[in-house]
Amino acid sequence: MAAAFVAITVMGLSSCTSGPSANRGELAADQQVLAGCDAVAPPATDVQLDGSGSSNAEPIVEERLKATEEIVRTTAICGGRIRVSVFSATSAATTVLVDRPLHLEGATDNAKLKKVSPLVTEVMASLRSKYTEAVKSLPNSGTDVSAMYRLAAEWAAQVGAPYRLHLYLLTDGFQTVNFRLDYRARSRDEAARLAGEVAVPQLPGASVLVAGLGRVADNPPASSVVDGLVAFYDALCQRTSAASCTSVTDYAIAGR
């Protein structure tokens, strides 16, 4: 099940064609996602979007929103619940854009799947209409990515059984609150030691994806810096006892 939620894609969405063949292809892709859903533990999908200035550029924001659209779609197909938030300096500096169940009505699987696209369109239209003002309302005093793990744990506890948490942190990975993790290159061992000093909750059974590491508006970091970011977030996730940890630079991990 975790694999279905790690496979997000951005590339190629704008090239989709309309018509019967495109609809059949979309239905087939949705059927494949449905086959991977866990009926016993539907997803509680928590998408945290980094609204800090370091990566607040239109191409990066659009990548994140397109990735979010695919995550919303998968969550809807699997009958889960979605929360999408934008954050910056502290856990208190977070604005929730959407928090709702995504259940599809229908007598058959195919009847339900035909309702996926309208539901995703509705959710994304609401989300996009709120995004810009939400970012403007956030303080620009720094970025606290690590605090989002605690917020995800609290939300998962509120949602409760039978849901299983799937956390997506779409961020450049730069942390400036409580400790600094930015343009200085860190070895894998140094990154792991730093992660060991950060308080994180336990997330047993969860899947965690941190995507977009090093994707900043200006002055892209050296590969050694990005390697350190990946090592840090891998180590931080492992400390949560999550079932699946993925830390990557590119949103386009897998295609639909």
side-chain contact (heavy atoms from CB on, under 4.5 Å) between S126 and V98, worked out: CA-CA 8 Å; S126 175; V98 61; 5.6 Å; no

What side-chain donor-acceptor pairs closer than 3.5 Å can you find for residues 214-223, not counting sequence neighbours?
from	atom 1	to	atom 2	distance (Å)
R215	NE	E63	OE1	3.4
R215	NH2	E63	OE1	2.9
R215	NH2	E63	OE2	2.7

Counterpart residues, ring pair (Phe, Tyr, Trp, His ring centres under 6.0 Å), relative to Y131 (two or more places apart):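 Testing Y131 for ring pair (Phe, Tyr, Trp, His ring centres under 6.0 Å), a comparison that skips the adjacent residues, returns none.
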
L104 backbone acceptor or donor facing K112 side chain under 3.5 Å: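 No; zero donor-acceptor contacts below 3.5 Å.
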
Check: R239 main-chain N/O paired with Q202 side-chain donor or acceptor under 3.5 Å: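 Yes: the side chain of Q202 pairs with the backbone of R239.
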
With rounding to the nearest 0.5 Å, note down the distance linking [atom1] in [X] to [atom2] in [Y].
{"X": "S52", "Y": "N140", "atom1": "OG", "atom2": "CG", "value": "10.0 Å"}
{"X": "S241", "Y": "L203", "atom1": "OG", "atom2": "CG", "value": "8.5 Å"}
{"X": "Q238", "Y": "T240", "atom1": "CD", "atom2": "OG1", "value": "9.0 Å"}
{"X": "E122", "Y": "L102", "atom1": "CD", "atom2": "CG", "value": "9.0 Å"}
{"X": "S146", "Y": "N178", "atom1": "OG", "atom2": "CG", "value": "6.5 Å"}

Just by distance, no angles: are the side chains of [X] and [Y] close enough, under 3.5 Å, to form a donor-acceptor pair?
{"X": "R64", "Y": "T171", "value": "no"}
{"X": "T108", "Y": "N110", "value": "no"}
{"X": "D144", "Y": "Q175", "value": "yes"}

Side chain to side chain donor-acceptor pair (under 3.5 Å) partners of S54, counting only residues at least two apart: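 Testing S54 for side chain to side chain donor-acceptor pair (under 3.5 Å), a comparison that skips the adjacent residues, returns D172.
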
Between [X] and [Y], what is the shortest heavy-atom contact and its length?
{"X": "S244", "Y": "C237", "answer": "O-SG, 4.0 Å"}
{"X": "G51", "Y": "L138", "answer": "CA-CD1, 4.3 Å"}
{"X": "H166", "Y": "P43", "answer": "CD2-CB, 3.5 Å"}
{"X": "L209", "Y": "V248", "answer": "CD1-CG2, 4.1 Å"}
{"X": "S224", "Y": "A185", "answer": "OG-CB, 3.5 Å"}
{"X": "L213", "Y": "S247", "answer": "CD1-CB, 4.0 Å"}

Residue pair [X] / [Y], side-chain heavy-atom distance below 4.5 Å:
{"X": "V208", "Y": "L165", "result": "no"}
{"X": "E58", "Y": "V61", "result": "no"}
{"X": "E133", "Y": "T95", "result": "no"}
{"X": "D109", "Y": "Q31", "result": "no"}
{"X": "F87", "Y": "T143", "result": "yes"}
{"X": "L169", "Y": "Y233", "result": "no"}
{"X": "L236", "Y": "Y149", "result": "yes"}
{"X": "T74", "Y": "E70", "result": "no"}

Would [X] and [Y] show up in the same hydrophobic cluster when neighbours are defined by side-chain heavy atoms closer than 4.5 Å?
{"X": "V135", "Y": "M124", "value": "yes"}
{"X": "L167", "Y": "V96", "value": "no"}
{"X": "V200", "Y": "V177", "value": "no"}

[Y]/[X] salt bridge by N-O under 4.0 Å criterion:
{"X": "E69", "Y": "R73", "answer": "no"}
{"X": "R128", "Y": "E62", "answer": "yes"}
{"X": "R188", "Y": "D227", "answer": "no"}

Option among V40, D38, T45 that satisfies the side-chain contact (heavy atoms from CB on, under 4.5 Å) test with R164: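 Exactly one option meets the side-chain contact (heavy atoms from CB on, under 4.5 Å) with R164, and it is D38.
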
Candidates V210, D50, T68 - the one meeting side-chain contact (heavy atoms from CB on, under 4.5 Å) with L170: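 The option that passes is T68.
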
Aromatic ring pairing F179/F232, orientation class (parallel under 30°, perpendicular over 60°, tilted between):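 Answer is tilted, since the angle falls between 30° and 60°.
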
Pair R83-Q158, side-chain contact (heavy atoms from CB on, under 4.5 Å): steps then yes or no: CA-CA 12 Å; R83 181 176 75 164; Q158 292 169 8; 5.6 Å; no

Verdict with reasoning, L49 to L65, per side-chain contact (heavy atoms from CB on, under 4.5 Å): CA-CA 9 Å; L49 304 173; L65 291 176; 4.2 Å; yes

Trace of the side-chain contact (heavy atoms from CB on, under 4.5 Å) decision for D99 with R81: CA-CA 7 Å; D99 185 350; R81 186 176 184 94; 3.1 Å; yes

